[in-house]
Amino acid sequence: MSTGFIVALVIVFVLIIGLTILITNKAYARKPEQVDPLPGKELAQKELDQ
C-alpha cells in the first residue's frame with residue numbers, strides 16, 4: 001500500500017465520522033413536538049381551582 005492510499009483512506013474515514021457526528025447532533029438538537037395535554041387533566045385542574 002502506498003502512502004497516498006493510506007492518507008486517502010484516513011481522510012475518507014474522518015469525513016464519514018465527521019458527517020455522522022454532525023447529522024446526529026442536528027437530530028438531537030431539534031426540539032420535540034409539543035404534545036397536547038389530555039383534556040381530562042385540564043377539567044380536573046379547573047375543578048380543583050374552584
Side-chain angles (χ1 to χ4, degrees):
M1 283 193 217
S2 67
T3 307
F5 178 75
I6 294 173
V7 170
L9 206 61
V10 169
I11 291 173
V12 168
F13 274 113
V14 167
L15 282 174
I16 292 173
I17 292 170
L19 285 174
T20 304
I21 291 171
L22 280 175
I23 291 170
T24 306
N25 283 343
K26 283 189 178 184
Y28 281 107
R30 285 189 327 174
K31 292 183 179 177
E33 295 177 10
Q34 187 69 26
V35 179
D36 292 334
L38 295 174
K41 285 186 177 181
E42 213 171 278
L43 291 173
Q45 188 64 36
K46 282 182 183 176
E47 289 176 3
L48 286 174
D49 289 343
Q50 288 177 353

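In what follows, residues are counted from 1 in the order of the sequence shown.
A distance of 10.0 Å separates CG in Leu19 from OG1 in Thr24, rounded to the nearest 0.5 Å. Between the OG1 atom in Thr20 and the CG atom in Asn25 there is a gap of 11.0 Å [rounded to 0.5 Å].
Paired with Leu15 under the rule side-chain contact (heavy atoms from CB on, under 4.5 Å), one option of Val12, Ile11, Ile17 passes, and it is Ile11.
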